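In this chain, residues are counted from 1 in sequence order. Since the model is a prediction, treat every value here as computed from it, not as a measurement.
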Amino acid sequence: MKTANKFFDLENYRAAIPYYEQVLAKEPNNAVALFRAGIAYMSFDKEKASDYIYKAQRLKKNVSKDVEYWLGRVDHLNYNFDEAITHYQAYNATLKKKDTRKAELAQLIQHSKNAKVQFNSPKDIFVKNLGPTINTPFSEHSPVISSDDKLLLFTSRGENVTGANASSADAKNGKGNLASDGEYYEDIFEAKRIDDENWEKPRSLSGVLNGKGHDASIQVFDNDTKMLMYRQDEGGDIFYSEKAGGDWTEPKKLNNNINSKQFESDAYITPDGRTIYFSTGKYSEDGTLDIYFATRQPGGDWGEAKTIGNAINTKYDDDSPFLSRDGKTLYFSSRGHNTMGGYDIFKSEWDSIGRKWSRAENMGYPINTPDDDSYYRLSPDGSYAYMSSYRIGGYGEKDIYTINYIKNAIIRGKVISAKDSVTVIPGVELVFSGTQADKTALSYRDVTKPDSGNYQVSVLSGRTYQVAVSKDGKSIETQEFAVPIVTADSTVIEKNFYVPYVDTTQTVATMFKKIYFDTDKYKLRPESITELNNITRILKANPGLNLSIEGHCDSRNTDEYNIVLGQNRADAAYNFLKKNGIAETRLVTTSYGERRPDAPNDSPENMQLNRRVEFRPILKEGEAMPKLNPGTGSGAGTGTGASSTGAGTTGTGTRTGATGTGTTRTSLQPGKSKVKMADGTKVKTKVDEDSDKVKVKTKGANDQESKTVYKEGEIDAKTKDETGKTKLQVEGAAPASVATPAAPAATDSTQAAPATTTPATTTPTDSTTTVKP
């Protein structure tokens, strides 16, 4: 216990731990040994540190007068921020009013508050440990990457450094070539890349580069022929070395405008070699680090240093400057600003107009943690970065990590019937629902293609998605799909979904083909008439079969416009079938507008696929598709659409038999009614009590008027244009039922409109007529 306490008081925690563990092996409830061992473990195993300190307090509440302080520290490091604040506040209450530690506690409480905010708003970033080839149970930091991204220089305090030459007995007793904290001195190593994941065994550069104390890598520049490095000299200075052949020359110290008797820790030289940014304790009252810069003078040496400004520098340590290749973004480490605790990595943007650096921005979690995070260095192409960090899950103390922004992955495949694991199902909608790291909702959608059954979506990787599978607006099922983390561009993942769905319409897919339309038109093409004749023949041969007629559009107009245009297309097919002898009670029309594309609207060819009408047999719930009689002979007739362009005045929604929206044959009911149609036309109808006389008046938006009177089997109709002149007069026998506008929807009378703007002038097919000028 005495030996452990000796090392503990020297802050040589690595040497103290084995002796405390010997005590605890014999006395597992020794509260003091648990407490001190817990503090010692904070740099090596944060979770064990928490277990030991909490157990010590349970065994002996006042094991130390500072126990609440250390409970706050260990909770903070283990992401228990609310608990940390509670312990800090409890400790603060034990201090006297003028105790200088109150200021430190206020800062620690703020760190926990900052950490809670950052932790609850994480970024989609993948932080990956470089692995045990590079990292050891000791500290590794200051990564430097060559311009070809194939050679890594870094600093280590591992067992292979020159300080390891001390005997094991000396090391255990705190003697030999060890630093004052009981750790080996820092040395510079290099490792060659094998592939994206692996490195060769590091080689020490201890020849001329390593001195008697700490030596650390900083930067390679001038096509990797020169190196900036740190050496423990006069409090710590910045040196440089040049490459001669395959090795480095004896390091030389930068001039006194850069170095001083204070601590200079890190630096960065711009690609043009004209400016150096460096961290120094020379200009602060208490020796804390600030970032300064200097420019090269005409003679070739560095000029007078100038502060980078208060947007970057704080009253705490500000260190490790690094610039993006374009010089517009400065990355640095700081114990100030809104750090999560210890050093955090920040960035600042250069304002070329104001000629100053912007306010420092915390890079956020998971780049930063509650412990020290520093030495942020971009890869040569800027696509990822290296950094050094103390964090849970590492190999010991500080480790080197890579930072990659999580990217999208392309997910593609088919939707297949689980019944036979073979049948591909077209027209299936897949919606991938997930969240970003900060819980913001994500949603991606596609529909399996009619020809191949393929789908494809580009989704943010590194999370599990709920994939809702549906067809024709009806849910089939929801599956989970975990997408692995992707950090490279254009990654493709193949994924087929097997679902419990049997497409009952597939048996008639070859019988009822889609018909297509020109842009912004609903006139039937000649080939469409041929297909409609085929459908007419099938429907006549199968009198029990009813049909849904569904209109679709591409996306080149508003959703509202396309709903109307889609309805007009459906109505064009509906009117043809009705005219050729198919009872309207067997037909339903609906419009999906642009909402159910067969293909992406990204090319003329795909847009043509979306300008269509589909025909779908109507089945009762649970009813299977009957075997159809294909019929014989030719279709019932020919025809064209009522109009060639525009959305017309056809109403939206669906029409079912004789009760839906549109002009339909209805029985005459006594009374009066008024209807205002979608195009503004007003229709008034009056039916006598005995229904032997009917008057229908219309007035259009352009002042066109019509008047129709049905009386005693005779029809008299007139229309006038805006000048008041009679355009047309029709006389003839009235039918038993009259074409009148259907009743409007109860919710909004302006939303339902008949297919014909002046239904009162419709000429019955069974009447004889005369036309008067």
**Report entry** Within-4.5 Å side-chain heavy-atom neighbours: Leu254 and Asp237
**Finding:** no
Query raised in the report: Closest heavy-atom contact between Ile109 and Tyr88?
Result: CG1-CB, 3.6 Å
Requested in this report: Locate the shortest heavy-atom distance separating Met1 from Ala33; write the atom from each residue and the value.
Outcome: CE-N, 3.8 Å
Report task. Would you please test Thr86 and Leu71 for side chain to side chain contact (heavy atoms under 4.5 Å, CB included) and show each step? Result -> CA-CA 10 Å; Thr86 299; Leu71 285 170; over 6 Å; no
Requested in this report: Could you tell me the separation between the OG atom of Ser389 and the CD atom of Glu397, rounded to the nearest 0.5 Å?
Outcome: 12.5 Å
Requested in this report: Quick one: do Tyr54 and Asp75 satisfy side chain to side chain contact (heavy atoms under 4.5 Å, CB included)? Show the steps, please.
Outcome: CA-CA 10 Å; Tyr54 265 97; Asp75 270 336; 2.5 Å; yes
Query raised in the report: Taking Asn223 for the side chain and Thr225 for the main chain, is one N or O donor matched with an acceptor at less than 3.5 Å?
Result: no
**Report entry** Full working for ring-ring contact (aromatic ring centres under 6.0 Å, His included) between Phe138 and Tyr184
**Finding:** CA-CA 9 Å; Phe138 301 86; Tyr184 297 122; 5.6 Å; yes
Report task. Considering only NZ, NE, NH1 and NH2 on the basic side and carboxylate oxygens on the acidic side, decide whether Asp373 and Arg391 come within less than 4.0 Å. Result -> yes
**Report entry** Cationic N near anionic O, under 4.0 Å, Lys407 to Asp124
**Finding:** no
Report task. Taking Thr314 for its side chain and His337 for its backbone only, find out whether a donor-acceptor pair lies under 3.5 Å. Result -> no
Report summary line: Taken to the nearest 0.5 Å, the spacing of Ile345 CD1 from Ser320 OG works out to 8.0 Å
Query raised in the report: Between Glu242 and Lys252, is the closest basic N to carboxylate O distance under 4.0 Å?
Result: no
Query raised in the report: Tell me, do Thr487 and Thr402 make a side-chain contact under 4.5 Å, heavy atoms counted?
Result: no
Query raised in the report: Is Glu250 salt-bridged to Arg231, going by a charged N under 4.0 Å from an acidic O?
Result: yes
Report task. Give a yes or no on this: more than 12 heavy atoms of other residues, nucleotides or ligands lie within 6.0 Å of atom CG of Asp66. Result -> yes
Query raised in the report: Any side-chain heavy atom of Phe293 sitting closer than 4.5 Å to one from Ile276?
Result: no
Query raised in the report: Do the non-hydrogen side-chain atoms of Gln57 and Tyr52 ever get within less than 4.5 Å of each other?
Result: no
Query - Side-chain donor or acceptor of Asn255 paired with backbone N/O of Trp302 under 3.5 Å - result: yes
Query raised in the report: Do Tyr20 and Pro18 come within less than 4.5 Å of each other through their side chains, counting heavy atoms only?
Result: no
Report task. Measure up the Tyr91 and Tyr69 rings against each other and bin them: parallel (under 30°), tilted (30 to 60°), perpendicular (over 60°). Result -> tilted
Report summary line: Smallest heavy-atom separation, Ser265 atom then Leu289 atom, equals OG-CD1, 3.6 Å
Requested in this report: Would you mind reporting whether Lys113 and Ile85 have side-chain heavy atoms less than 4.5 Å apart?
Outcome: yes
Query raised in the report: Just by distance, do the side chain of Glu264 and the backbone of Ser260 share a donor-acceptor pair under 3.5 Å?
Result: yes
Query raised in the report: Quick one: CG on Leu108 to CZ on Arg101, what's the gap to the nearest 0.5 Å?
Result: 12.5 Å
Query raised in the report: When Arg335 is tested against each of Asp318, Asp317, Asp319 for side chain to side chain donor-acceptor pair (under 3.5 Å), which residue passes?
Result: Asp317
Query raised in the report: Can a donor-acceptor pair be found between the side chains of Gln118 and Asn114 at a distance below 3.5 Å?
Result: no
Query raised in the report: What are the two closest non-hydrogen atoms of Asp290 and Ser284, and how far apart are they?
Result: OD2-CB, 4.0 Å
Report task. Assess the side chains of Asn313 and Thr307: does a donor N or O sit below 3.5 Å from an acceptor N or O? Result -> yes
Query raised in the report: Any Lys/Arg nitrogen of Lys328 or Asp351 sitting under 4.0 Å from an Asp/Glu carboxylate oxygen of the other?
Result: no
Requested in this report: Please state whether the rings of Tyr79 and Phe119 are parallel, tilted or perpendicular, taking 30° and 60° as the class boundaries.
Outcome: tilted
Query raised in the report: How many angstroms lie between atom CD of Gln219 and atom CG of Asp224, to the nearest 0.5 angstrom?
Result: 10.0 Å
Query - Note: Arg58-Asp51 ion pair, threshold 4.0 Å (strictly below) - result: no
Query raised in the report: Is there a donor-acceptor contact under 3.5 Å from the side chain of Thr249 to the main chain of Ser241?
Result: no
**Report entry** Check: Asn5 and Arg36 side chains under 4.5 Å, non-hydrogen atoms
**Finding:** yes
Report task. Check the angle between the aromatic planes of Tyr331 and Phe322 and answer parallel, tilted or perpendicular using the 30° and 60° thresholds. Result -> tilted
Query raised in the report: So, the side chain of Gln297 versus the backbone of Thr295: is there a donor-acceptor pair under 3.5 Å, distance only?
Result: yes
Report task. Taking Glu186 for its side chain and His214 for its backbone only, find out whether a donor-acceptor pair lies under 3.5 Å. Result -> no
Query raised in the report: More than 12 heavy atoms of other residues, nucleotides or ligands under 6.0 Å from NZ of Lys253: is that the case?
Result: yes
Query raised in the report: Once you round to the nearest 0.5 Å, how far does CZ of Arg73 lie from CG of Asn78?
Result: 12.0 Å
Query raised in the report: Using 30° and 60° as the class limits, which term best fits the ring planes of Phe8 and Tyr13: parallel, tilted or perpendicular?
Result: perpendicular
Report task. Could you tell me whether Arg157 and Glu140 make a salt bridge, using a distance below 4.0 angstrom between a side-chain N and a carboxylate O? Result -> no
Query raised in the report: So His76 and His111, would you call those rings parallel, tilted or perpendicular, with 30° and 60° as cut-offs?
Result: tilted
Report task. Give the C-alpha distance, both sets of side-chain angles, the deciding distance and a yes or no for ring-ring contact (aromatic ring centres under 6.0 Å, His included) between Tyr277 and Tyr268. Result -> CA-CA 5 Å; Tyr277 294 84; Tyr268 175 82; 7.2 Å; no
Query raised in the report: Checking Lys226 against Phe221: charged group under 6.0 Å from the ring centre and within 45 degrees of the axis?
Result: no
Report task. State whether the side chain of Thr275 and the backbone N or O of Thr270 hold a donor-acceptor pair below 3.5 Å, judged by distance alone. Result -> no
Query - Salt-bridge contact Asp149-Arg193 (side-chain N to carboxylate O under 4.0 Å) - result: yes
Requested in this report: Examine distances only and state if a side-chain atom of Ser217 and a backbone atom of Ser142 form a donor-acceptor pair shorter than 3.5 Å.
Outcome: yes
Requested in this report: Anything under 30° is parallel, anything over 60° is perpendicular, the rest tilted; go ahead and classify Phe189 against Phe154.
Outcome: parallel
Query raised in the report: Taking atom types as modelled, is there a side-chain donor on Lys128 or Asn404 under 3.5 Å from an acceptor on the other?
Result: no
Requested in this report: Indicate whether the side chain of Ser358 and that of Glu349 have a donor and an acceptor atom separated by less than 3.5 Å.
Outcome: no
Query raised in the report: So do Gln110 and Asn338 actually touch side chain to side chain, heavy atoms under 4.5 Å?
Result: no
Requested in this report: Before giving the answer on side chain to side chain contact (heavy atoms under 4.5 Å, CB included), spell out for Asn62 and Val67 the whole-Å C-alpha distance, their side-chain angles and the decisive distance to 0.1 Å.
Outcome: CA-CA 7 Å; Asn62 297 318; Val67 66; 5.6 Å; no
Requested in this report: For the pair Ser374 (side chain) and Tyr343 (backbone), establish whether a donor and an acceptor sit closer than 3.5 Å, ignoring hydrogens and angles.
Outcome: no
**Report entry** Charged N-O contact under 4.0 Å between Lys150 and Asp148
**Finding:** no
Query raised in the report: Would you call Glu190 and Arg203 a salt bridge, taking side-chain N to carboxylate O under 4.0 Å as the test?
Result: yes
Requested in this report: In sequence, state the C-alpha distance, the side-chain angles, and the governing distance for Ile125 and Ile406, and then conclude on side chain to side chain contact (heavy atoms under 4.5 Å, CB included).
Outcome: CA-CA 5 Å; Ile125 289 170; Ile406 295 174; 5.7 Å; no
